[in-house]
Novice: 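Can you read through this structure? Questions will come right after.
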Amino acid sequence: MRVFVAGASGAIGTRLVPQLVERGHEVIGTSRSPSNVERVRALGAQAMTLDLLDPRAVREAVLAAEPDAIVHQATALADVKFSRSLDRSFGPTNRLRIEGTDALLAAAREAGVGRFVAQSFASMRYAREGGMVKTEEAPLDEAPVSGTHASVAAMRYLDETVAAAGGIALRYGLFYGASNDGLIEPVQKRQFPIVGDGGGFASFIHLDDAVAATVLALERGRNGIYNVVDDDPAPVREWLPVLASALGAGPPRRVPRWLARLVAGSAAVMMGTDSRGAANAKARAELGWTPRFASWRQGFAAVYAPPVRAEEGEWAGRTGVPLS
């Protein structure tokens, strides 16, 4: 297939492009920043600069590329500074999830593109009632907490619009596996506490596992929504101490809800105490996908553990490369 990847220079895109090329697909990759075009080209794709918020430019790019499929992985989350208001932090990404999605879908219809896959998100989405782990069919939260309304609405818009157009929305878990993972610094500095009882659930996914699921969704997925998460949704009180230990950090602090709400806002309290996790049974069954890291427990250790030290002249256990 000729695959048009919007956001090819991002965390998923830079891993997705080589996988598609390796599987015999011809890739056209876009980046908003001209400085990243050469990086995308080096991954094996035809590369171009494209602003997804410019519908005319999107139309011209898609019609010129004549792709068989479009993969929408564009966000504006690189180096974002998170604040008490997720809506403020996610503002540019929310526009890409609404306006960018509309522009790509309109171009796809005009160009007769048969496959469309888009990046969505699983965390903080599901209704905070009933069981702690939700399937794709579970109701979404109809009363999002303060500071998240626009972000929740943008994700819902993407899901519903892409599915209605015959495409696939992938609700990814929390990403890990990159050198600049957003959790690393606050956890190392003990700035990411356990709030209240730490009962809020999260679902994680290693970036490489997310890419593997994306490739399979592109090649064989059915119209609709898939949770792309590992097998082990877990509460903050379980996963955060494990991550801190893997990073060599001190144990996370504990703070009461009222203090967390005062310092970090309502969204932080909700995610720490009441958020639901996601189940991956549909992606496993329909895509034939098996995550390499079935649990963040093994994934954190593999990704964040410090290198094994070796005496001079011996083999380094992690890398398999002689030190002398």
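Every value quoted in this text rests on a predicted model; they were computed, and no experiment measured them.
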Novice: Rounded to the nearest 0.5 Å, what separation is found between the NZ atom of Lys134 and the OH atom of Tyr126?
Specialist: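 Answer for the NZ-OH pair, Lys134 versus Tyr126, is 10.0 Å.
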
Novice: With no hydrogens and no angle check, is any side-chain donor or acceptor of Arg2 less than 3.5 Å from a backbone partner on Glu26?
Specialist: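 Looks like no, no N/O pair under 3.5 Å.
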
Novice: Under a 3.5 Å distance rule, please check whether Lys282 uses its side chain to pair with a backbone N or O of Ile225 as donor and acceptor.
Specialist: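 Yes, Lys282 side chain to Ile225 backbone: donor-acceptor pair under 3.5 Å.
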
Novice: Please confirm whether the backbone N or O of Asn227 pairs with a side-chain atom of Glu136, one donor and one acceptor, at under 3.5 Å?
Specialist: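 Indeed, once roles are kept as given, a pair shorter than 3.5 Å links the two residues.
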
Novice: So, Arg171 side chain and Val229 main chain: donor-acceptor pair closer than 3.5 Å or not?
Specialist: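 No; judged by distance alone, with no hydrogens or angles, the pair does not exist.
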
Novice: Does any donor atom in the side chain of Asp230 or Tyr176 lie under 3.5 Å from an acceptor atom in the other side chain?
Specialist: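 There is no such pair between these side chains.
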
Novice: Please assess Phe192 against Trp239 for the test ring-ring contact (aromatic ring centres under 6.0 Å, His included), listing each intermediate value before the final yes or no.
Specialist: CA-CA 12 Å; Phe192 195 121; Trp239 65 259; 5.8 Å; yes

Novice: Without hydrogens or angle criteria, can the side chains of Ser35 and Ser33 be said to hold a donor-acceptor pair below 3.5 Å?
Specialist: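 There is such a pair (donor and acceptor under 3.5 Å, judged by atom type) between the side chains of Ser35 and Ser33.
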
Novice: With no hydrogens and no angle check, do the side chains of Glu185 and Gln191 hold a donor and an acceptor under 3.5 Å apart?
Specialist: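 The criterion, which ignores hydrogens and geometry beyond distance, is not satisfied for Gln191 and Glu185.
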
Novice: How many angstroms lie between atom OH of Tyr157 and atom CD of Glu99, to the nearest 0.5 angstrom?
Specialist: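 Answer for the OH-CD pair, Tyr157 versus Glu99, is 9.5 Å.
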
Novice: Is the side chain of Ser9 donor-acceptor paired with the backbone N or O of Asn36 at a distance under 3.5 Å, no angle test?
Specialist: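 Looks like no, no N/O pair under 3.5 Å.
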
Novice: Any donor-acceptor pair under 3.5 Å linking the side chain of His25 with the backbone of Val27?
Specialist: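 Not a single qualifying donor-acceptor pair exists.
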
Novice: Do Leu240 and Tyr304 sit in the same hydrophobic cluster, where Ile, Leu, Val, Met, Phe, Trp and Tyr count as joined when their side-chain heavy atoms come under 4.5 Å apart?
Specialist: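 Yes, same cluster.
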
Novice: Salt bridge or not between Asp68 and Arg115? Use side-chain N to carboxylate O under 4.0 Å.
Specialist: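 Here Asp68 does not pair with Arg115 in a salt bridge, since their nearest N and O are not under 4.0 Å apart.
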
Novice: Give me the one residue out of Met271, Met270, Arg261 that meets side-chain contact (heavy atoms from CB on, under 4.5 Å) with Val145.
Specialist: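 With Val145 as partner, side-chain contact (heavy atoms from CB on, under 4.5 Å) holds for just one option, Met270.
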
Novice: Got a donor-acceptor contact below 3.5 angstrom from the His72 side chain to the Phe116 backbone?
Specialist: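 No; zero donor-acceptor contacts below 3.5 Å.
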
Novice: With a 3.5 Å distance limit and no angle check, can you tell me whether Tyr226 reaches the backbone of Arg222 through a side-chain donor-acceptor pair?
Specialist: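 A pair under 3.5 Å: yes.
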
Novice: Would you check if Ile205 and Phe175 make a side-chain contact, meaning some heavy-atom pair closer than 4.5 Å?
Specialist: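 Touching, per the 4.5 Å side-chain cut-off.
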
Novice: Is a side-chain donor or acceptor of Asp87 paired with a backbone partner of Ser151 at a separation under 3.5 angstrom?
Specialist: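 Such a contact is found between Asp87 side chain and Ser151 backbone.
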
Novice: Just verifying a value: how many Å separate His149 NE2 and Leu86 CG, rounded to the nearest 0.5 Å?
Specialist: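 One gets 12.0 Å once the value is rounded to the nearest 0.5 Å.
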
Novice: Within a 6.0 Å radius of atom CZ on Arg32, are there more than 12 heavy atoms belonging to other residues, nucleotides or ligands?
Specialist: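 No, not enclosed.
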
Novice: Quick one: sort the Phe204 and Trp296 rings into parallel, tilted or perpendicular, breaks at 30° and 60°.
Specialist: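 Tilted, since the angle between the ring planes falls between 30° and 60°.
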
Novice: Ignoring hydrogens and angles, tell me if any N or O in the side chain of Trp289 forms a donor-acceptor pair with the backbone of Asp209 under 3.5 Å.
Specialist: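 At least one qualifying donor-acceptor pair exists.
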
